[in-house]
Asker: 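Pasting in a structure now, in structure tokens, and then I'll have a few things to ask.
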Amino acid sequence: MRVDATPSNLTRPKPAKRFLTTKPQRLKRATVGAVTVVLLSGLACYWLAFIRVTNGGLTFENELHIPDQLFGTVVDGHRQLHLTVAEGSREFLPGKQTPTAGVNAPYLGPTVRLRRGEDVDLIVQNNLDEMTTMHWHGMHVPARMDGTPHQKIEPGESWTASFRVHQQAAPLWYHPHPHGATGRQVYRGVSGLMWIDDENSDALDLPKTYGVDDIPIVIQDRQFDDDGAFRFAVNQGAVYGNTMLVNGTWNPFLQVESRRIRFRLLNGSNARIYYIGFEDNRRFHLIATDGGFLETPIPANRVILAPGERAEILVDFSDGAEVVLKSYPEAGSLETIQSFVGGIGTGNLQLLKIVPTPADRASHPLPERLNSISRIDPSLAANTRPMVLAGPIQGGRGGGRGGRRGRGGGPLGPPINGKIMDMARIDEVVRLGDIEIWEVSNRGGQPHPFHVHLVQFQILDRNGRPPSAAELGWKDTVLVPPGDLVRIIMPFERYADQEVPYMYHCHIMEHEDNGMMGQFLVVEDPEQLSSHTNHLLGPS
Ligand code: C2O
Ligand code: CU
Ligand code: CU
């Protein structure tokens with residue numbers, strides 16, 4: 001019996017409410033008896049889990065760490081940037097050293113700043129004692145420069161990604177992508193932000209002073225052992241922590257001038273989804289998502305962020321009041337209450353206290369217009385591909401839950417289109433220049449953030465309904481709750497390669513590491529692609 005494949009209206013909140021809420025959410029009317037039972041047991045679980053995932057009662061004593069910026073130097077017309085991945089050690093909890101790994105730093109890495117139109121060389125040195133790769137999440141780059149599991153960097157070696165920045169201003173990020181070890185390496189601290197600027201972002205009158213009114217916010221949950229070491233513990237198929245870090249700072253506060261401030265949020269967690277807002281429920285404006293600016297600022301008091309997703313918000317602190325940024329329980333859906341079992345929900349998590357100080361300058365105005373985004377006409381799509389998440393395993397049965405054992409005894413993640421990742425298999429072949437629609441449906445029992453390399457896409461619809469205003473921008477990662485069908489549309493404008501594939505996968509890193517990933521080629525002529533593609537890839 002595949003219980004997790006049964007969709008129900010109760011578990012399917014309206015998109016507009018789910019992703020952008022301006023009023024407290026409420027359970028929809030439903031049959032009283034059944035719902036009461038479910039509610040009571042749900043609440044019991046909720047309270048149990050509340051204790052496990054809450055980190056309330058922080059004292060906010062540590063100044064928020066702001067990662068360095070990395071601009072690199074221009075040599076022969078190429079901007080060269082050096083990223084060294086190495087082990088380190090940091091004090092997160094008072095008096096305890098935590099063994100870590102980071103990029104040019106003990107934990108996390110610098111914020112890489114790039115400009116559209118520039119040629120860049122990213123030189124990655126691996127000083128870990130294990131193989132790694134470095135992926136530019138959200139970047140439009142040739143497959144060989146993408147830092148996927150195929151671009152291995154052995155210990156002591158270096159690898160250079162060279163490409164021209166073709167895309168618009170956007171808040172991207174970078175992280176390792178070695179197959180099977182992505183989650184572990186990111187958890188130790190290897191990842192960083194990568195922000196692109198362009199003429200549009202230059203011209204916009206937005207807060208742009210790094211660390212002053214333009215603030216990076218990397219949200220991660222971790223678990224610590226008594227001796228201070230990170231505990232990498234799989235719970236229900238993925239790794240969840242009970243201690244929140246922002247930019248690698250525990251118990252953090254941030255002083256900002258009492259005016260309009262820009263937060264660039266990244267959910268850099270392995271698995272936890274956040275439902276971000278302020279403790280006083282203040283309204284803010286969403287101005288950008290994964291791939292760039294929205295057309296206009298969208299008023300909101302919550303933004304949902306799944307692992308890998310980014311959001312830029314403008315928040316007005318001119319009232320001078322101290323306020324805490326937090327993640328709320330995503331109230332209003334039974335699905336969410338269920339997800340609190342075992343402490344894997346969006347939580348009731350204090351993240352960062354903001355302490356306003358007198359302003360030195362006037363507040364930036366709220367821009368009326370940020371970008372122009374032409375909606376891609378679905379009738380232009382040359383091809384439609386189903387992407388069935390957590391469907392039955394090919395040649396076997398099962399509902400796609402994590403934690404099953406594979407043939408060799410290793411854990412299998414939920415599959416995509418019935419298949420578990422195989423580095424020697426090409427799953428999809430896309431024709432260069434085509435526009436495609438991918439129909440991403442979740443037949444499993446838990447939400448999956450679906451990520452596609454190479455492109456930024458637009459969301460056509462969710463369960464047949466148009467996306468909310470918050471989802472009208474460019475995206476590279478989209479959250480697909482259980483039972484949902486999300487249709488995305490994207491152009492494949494550049495970078496044919498007959499041999500080296502790009503990835504698509506769930507961005508819950510343990511799902512990805514356990515095989516919830518597939519590979520696609522972009523080629524000029526799919527018909528001509530010989531059947532020995534697998535051979536070309538070779539054993540990995
Ligand atoms: Cu953020 Cu395939 O990765
Ligand atoms: Cu990516
Ligand atoms: Cu997943």
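Computed from heavy atoms alone, side chains included, the values below leave out hydrogens, waters and symmetry copies. Whatever order the structure lists ligands and atoms in, that order sets their numbers, starting from 1.
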Asker: Check the side chains of D146 and H453 for a donor-acceptor pair under 3.5 angstrom, ignoring hydrogens and angles.
Answerer: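 Note: H453 and D146 side chains meet the donor-acceptor criterion.
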Asker: Starting at CG of D513, measure out to CG of N270 and round the result to the nearest 0.5 Å.
Answerer: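 Going from CG on D513 over to CG on N270, the span is 8.5 Å.
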Asker: Do any of the N, O or S atoms of H177 sit under 2.8 Å from the Cu ion (ligand 2)?
Answerer: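 Looking at H177, which is the residue asked about, there is no N, O or S atom under 2.8 Å from the Cu ion (ligand 2).
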Asker: Evaluate H507 against H137 for ring-ring contact (aromatic ring centres under 6.0 Å, His included), listing each step before the verdict.
Answerer: CA-CA 11 Å; H507 220 289; H137 179 126; 4.9 Å; yes
Asker: Take E157 and W159 through the side chain to side chain donor-acceptor pair (under 3.5 Å) test and state the conclusion after the steps.
Answerer: CA-CA 7 Å; E157 312 248 286; W159 170 76; over 6 Å; no
Asker: Give a yes or no on whether H175 keeps an N, O or S atom under 2.8 Å from atom 1 (Cu) of ligand 1.
Answerer: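 So H175 counts as coordinating atom 1 (Cu) of ligand 1, yes.
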Asker: Check whether any N, O or S atom of H453 sits under 2.8 Å from atom 2 (Cu) of ligand 1.
Answerer: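 Yes, within the cut-off.
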Asker: How about H135: does one of its N, O or S atoms come closer than 2.8 Å to atom 1 (Cu) of ligand 1?
Answerer: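 Not a single backbone or side-chain N, O or S atom of H135 is under 2.8 Å from atom 1 (Cu) of ligand 1.
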Asker: Look at H135 and state whether any of its N, O or S atoms is less than 2.8 Å from the Cu ion (ligand 2).
Answerer: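 Coordinating: yes.
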Asker: Answer yes or no as to whether an N/O/S atom of H177 is found below 2.8 Å from atom 2 (Cu) of ligand 1.
Answerer: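 It does; at least one qualifying atom falls short of 2.8 Å.
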Asker: Checking side-chain contact (heavy atoms from CB on, under 4.5 Å) between W195 and each of R264, R115, R310, which is the one that passes?
Answerer: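 Of the listed residues R264, R115, R310, the side-chain contact (heavy atoms from CB on, under 4.5 Å) partner of W195 is R264.
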Asker: Which atom, counting only N, O or S, brings H137 closest to atom 1 (Cu) of ligand 1?
Answerer: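 The nearest such atom is ND1.
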